[in-house]
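Take a look at the structure below.
A, B, ... follow the sequence lines: proteins, then strands. Residue 1 opens every chain. Please read these numbers as outputs of a predicted model, since none were measured by experiment.
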Amino acid sequence: MASAHSVDAILEDCRALVEDPGFPAVHRWLEANPGGKVLGHFQVYFPEEIPHAAGMLPVKILGAGSAVQIRKADARIAAFVCSIIRSSLELALTGRLDFLSVFVTPPICDAARNACGVWVRNLPQLNCQMLYLPQNVTSPHALPYLRDEYRRIAGVVEEAAGRPITEDALRRSVALFNENRRLLRELHRVKRETPWLLSAVEAYTLVRAGGVMPREEHNVLLREVLDLLPQRPGKRQDKIRVVFEGGYCEQPPADLLAVIQDACYIVDDDLLIGLRWLTEDVPAGGEPFANLAAAYLDGSTYSPVQHDPRKPKSEMLLRRIREAKAEAAIVAAPKMCEPGLEEQVNHIRALEGAGIPHLVMEFEEKMTVFEQMRMEVETFAESLLLDFA
Amino acid sequence: MSKDAGPGGPTMAETTTRIGFIRNEGRRLMDRWWQEMTAADAAGRPTAYVFVMGSLDEILRVFDLPINCPEITSLQTAVRGRSLEYLQTAEGYGYSPDICGYVKADVGLQLKDRRHPNGTVPKPALAIATNMCNTYIKWAEIWEQMYHCPVFVLDLPAWRGGDAAPRLDSDAFRNDRRYVEGQLRDLIGLCERLTGRRFDIDRLREAMAEVNRMAAAYHAVLALNRHRPAPFSAIREGIVFQGISNLYRGAPEGSRFFEGAAEELRERIHLGMGTLNEKYRLLLTGTTCYAALKRFAELFEEWGGVFVHSTYMVFAGGGFASDFAYDVSRPIESLAETLLLSAWRGFSTPMFYAQDWLAETVRDWSVDGICFHGVKSCRTTSTGLPDVREWLRTHFDIPGLFIQSDLVDPRMWSDAQLKNRIDAFIESLAGRRATGSNEAANAAR
Ligand code: SF4
Ligand code: SF4
């Protein structure tokens, strides 16, 4: 992506990129790298450093929003399954993911694990794999297990890429992704502290673009945006500060986020949390597979699909609210999402216990009508403004 | 099809007393388990909550920790016709109608002071959840919140997509096995701390030997249903087998139950007793609807349709893969390895990659057609069922019916619609039989 020299122009490019179900940045990369191989990975977290170190392009596969009509996938998947599972499969069944050599899904939930079988059966030309990320994260045996599981996936990657992954190459990739995560943290800081300079939808668009473009380019883009943001005109408004929770897997439509941000500042969220799952830099020295594994287990944030007794999820949400100096929360869950809907109940109880106002909602990536939600959000925000007045 | 599925079976004179054993002994054992639950609650005895896919009863028995199987107690609320009140209690608390019905029936039970139509369940002192269903982990987190009990998540990495079969000599399998073994040792330590008792490896050996005995008898029971007519229904007697195989895993009564069941089934075969006037042999993928258990069976049985096997009898019946056997001379290593293989062949592939197992069962149990029952609130068993059905139709010409309802939610049962679909399916099986397509497809397999 060419340097555009204004935040708005960069945003416009990123919007076009993330809304296009044809993966234009991937095709551009393939044109520039003839014979290059692409690895797709499903939500939530995947150690993208591994394919990157083999010269592959890692790409996040996270559904298609409302951009693709689901036809073929509906005949393969039961009706009561969330939309991201169907739309991701639809992308594959309609040839839009033909550029993939490997597809990896962590079995984050019952639907995702089961969908892997559907992919394997229907896409014989594609190497479909599950990366088994531990749920027993506090076991002392989880670290050596995950290190070797990463090595196993590295073997799959090496075969697809046709070249070995050297430790040095992996360290260089770790450094690149550390930088990406640092920039993403910075972007979120700006949004949290000065949401009038960078709205939640804008930040989300910038983050999401990283999932479908080479991370080297994404780093350049983020640096440019971060340089430009302080000069961006923007005026603080009298809006409620809220945290949006529930965007860790299926993505809410940007229009839904826009409806919320019309009435509130979304100062923090868990949208695409996998891209900033690791909260600290992965050490550059030492054994990189072990470092990546340790970072996953001990230097990471939280989501409904990872069990970690050290990070009770509702307490983590309360912390996120506190740290963002938010006054309220929007507790969302994708329709038909078992882990999300279950977590929602815990969150609601915790928020009630802490006396934090909250609005509960369910969404679907392919929603296109938001009037009802607009009314609910406006009523919620107004009632809070009056309360706090 | 072999007509002598019970070779070496006892003579009629020796066995006539066995008829009724499955029903009576099954009921006795279930009642006894409930009495133990209720007594454990009254005495405040620490109890472990476990799940049917990877319960680790072998270890818990060493510490005399009674087990509660909430999947079974939830199922029973439906069989007793009482699930709705529990579901609605959970929904009133905030749980969505789209959440697993077992979870909600249990949440309702917990919120109703753990009072069940069959007795009272004790509070958990420990919960063990494997990853075989991700909802297990979310469910256990609910108890963690409610009771602040430790939750032990046992990772069984197992099937990873791609190859259907495990390669025992691969680095990947060795890594998984090391991890599972390490976790089992962690769990033993946790049980020691929780109960204040020292681990006794000989008691583990005894429990594992009992599981071996149960698995052998369980396989004999399943194999007896290859007989035509089938001596049992995989959804009527199947529910009893599933309950006992989990609640009495590792206990001599459990092994004896399946040995006795096999004897009764042999006798049924000897007497020419089928479950009914069998016309069509069916295979169930997924579970039945416990909120309409009798009706579900009737809709097929009125056409002479008998369920001779089900995936449920495999993944929820102990996960006993065909060559299941613990090596008790190296108990913990063998427990780890066998659990992993159960997770692979007994739990994962029958649910997530079922086409080969289904095709083999169709062949070996002489099945005419498969009923794929999509359970609205269970994505673990249901997500890819339409795809598997299509795969088997196009690759092996195996006829399949896809229907939807739920496990325990009577609101999801739509009788007229289900009847229409089932009637049409059976008629299509009749049509195939008339044209000889079944035989042709079976011969080609
Ligand atoms: S949205 Fe929920 S149910 Fe769907 S894939 Fe993601 S975690 Fe699984
Ligand atoms: S989701 Fe399915 S397998 Fe999992 S606990 Fe619920 S009913 Fe059982």
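- Interface residue A:Arg121: backbone and side-chain heavy atoms are both found under 4.5 Å from chain B.
- Judged by distance alone, with hydrogens and angles left aside, the side-chain atoms of B:Asp155 form a donor-acceptor pair with the main-chain N or O of A:Gln135 at under 3.5 Å.
- In plain terms, the two heavy atoms of B:Asp186 and A:Ser139 that are nearest each other are OD2-OG, 2.8 Å.
- For the set A:Ala142, A:Pro309, A:Ser314, A:Cys337, the entry with the most heavy-atom pairs within less than 4.5 Å of chain B is A:Ala142.
- Counting heavy atoms from C-beta on, the side chains of B:Arg379 and A:Cys109 never come closer than 4.5 Å.
- Dense packing is recorded around CZ of B:Arg174, with more than 12 heavy atoms of other residues, nucleotides or ligands lying under 6.0 Å away.
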- Message: Pair A:His307, B:Val151 - check side chain to side chain contact (heavy atoms under 4.5 Å, CB included), show working.
- Response: CA-CA 10 Å; A:His307 176 77; B:Val151 167; 4.0 Å; yes
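- For chain B, no part of A:Leu126 is nearby; none of its heavy atoms comes within less than 4.5 Å.
- In this structure, the portion of A:Lys313 lying under 4.5 Å from any heavy atom of chain B is its side chain and not its backbone.
- The number of heavy-atom neighbours closer than 6.0 Å to NZ of A:Lys311, taken from other residues, nucleotides and ligands shown, is above 12.
- In this structure, chain B has no heavy atom under 4.5 Å from any part of A:Pro124.
- Within the 4.5 Å cutoff, no side-chain heavy atoms of A:Phe80 are placed close to those of B:Thr383.
- A heavy-atom distance below 4.5 Å is not found between the side chains of B:Trp391 and A:Asn122.
- Within 6.0 Å of atom CD in B:Gln417, 12 or fewer heavy atoms from other residues, nucleotides or ligands are found, so the atom counts as exposed in its surroundings.
- If you tally non-hydrogen atom pairs under 4.5 Å between each of B:Glu144, B:Glu181, B:Gln145 and chain A, the highest count goes to B:Gln145.
- For chain A, the option among B:Cys100, B:Ser170, B:Ala172 with the highest count of heavy-atom pairs below 4.5 Å is B:Cys100.
- Contact annotation for A:Ala75: only backbone heavy atoms (N, CA, C, O) come within less than 4.5 Å of a heavy atom of chain B.
- Using a 4.5 Å cut-off between heavy atoms, B:Thr381 contacts chain A through its backbone alone, with no side-chain atom that close.
- The contact between B:Tyr93 and chain A is made by backbone and side chain atoms together, counting heavy-atom distances below 4.5 Å.
- Neither the backbone nor the side chain of A:Ala112 comes within less than 4.5 Å of any heavy atom in chain B.
- Looking only at heavy-atom pairs under 4.5 Å with chain B, the residue among A:Pro304, A:Ala79, A:Cys82, A:Cys116 that has the most is A:Pro304.
- Per-residue heavy-atom pair counts under 4.5 Å with chain B were compared for A:Arg349, A:Arg151, A:Glu343, and the maximum is reached by A:Arg349.
- Residues A:Glu149 and B:Arg160 are in side-chain contact: their nearest non-hydrogen atoms beyond the backbone lie under 4.5 Å apart.
- Residues A:Ala78 and B:Ser382 share a closest heavy-atom pair of CB-O, 3.6 Å.
- At most 12 heavy atoms of other shown residues, nucleotides or ligands fall within 6.0 angstrom of atom CZ in A:Arg319.
- In terms of non-hydrogen atom pairs under 4.5 Å with chain B, the most contact-rich of A:Pro140, A:Ala333, A:Ala115 is A:Pro140.
- With a 6.0 Å radius and a threshold of 12 heavy atoms from other residues, nucleotides or ligands, A:Glu159 has its CD atom at or below the threshold.
- In this structure, chain A has no heavy atom under 4.5 Å from any part of B:Ala140.
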Practice task
Report the C-alpha distance between A:Asp148 and B:Arg178 in whole Å, list the side-chain angles of each, state the deciding distance to 0.1 Å, and finish with yes or no for salt bridge (Lys or Arg N to Asp or Glu O under 4.0 Å).
Solution key: CA-CA 11 Å; A:Asp148 289 358; B:Arg178 263 195 311 275; 3.3 Å; yes
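- Both the backbone and the side chain of B:Gln183 come within contact range of chain A, each with at least one heavy atom under 4.5 Å from a heavy atom of that chain.
- Listed here is the closest heavy atom pair of B:Ser96 and A:Glu362: OG-OE2, 4.2 Å.
- No side-chain N or O of B:Asn175 forms a donor-acceptor pair with one of A:Tyr145 less than 3.5 Å apart.
- Looking at A:Val120 and B:Tyr353, their side chains come closer than 4.5 Å, going by heavy atoms from C-beta outward.
- Under 3.5 Å, the side chains of B:Asp176 and A:Tyr132 contain no donor-acceptor pair of N or O atoms.
- Residue A:Leu341 touches chain B through both its backbone and its side chain, counting heavy-atom pairs closer than 4.5 Å.
- Most heavy-atom pairs under 4.5 Å with chain A, from the set B:Met351, B:Gln404, B:Glu390: that is B:Gln404.
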Could you go through the side chain to side chain contact (heavy atoms under 4.5 Å, CB included) check for A:Glu338 and B:Asp98 one step at a time? CA-CA 7 Å; A:Glu338 179 92 28; B:Asp98 296 325; over 6 Å; no
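- In terms of non-hydrogen atom pairs under 4.5 Å with chain A, the most contact-rich of B:Lys376, B:Arg389, B:Arg185 is B:Lys376.
- Rounding to the nearest 0.5 Å places CD of A:Glu342 at 10.5 Å from CG of B:Asn134.
- No donor-acceptor pair under 3.5 Å is formed between the side chain of A:Asp110 and the backbone N or O of B:Cys133.
- By the side chain to side chain contact (heavy atoms under 4.5 Å, CB included) test, B:Ser55 is found to be paired with B:Val50, B:Asp57, B:Arg249, residues two or more places apart in sequence or in another chain being considered.
- Using a 4.5 Å cut-off between heavy atoms, A:Val118 contacts chain B through both its backbone and its side chain.
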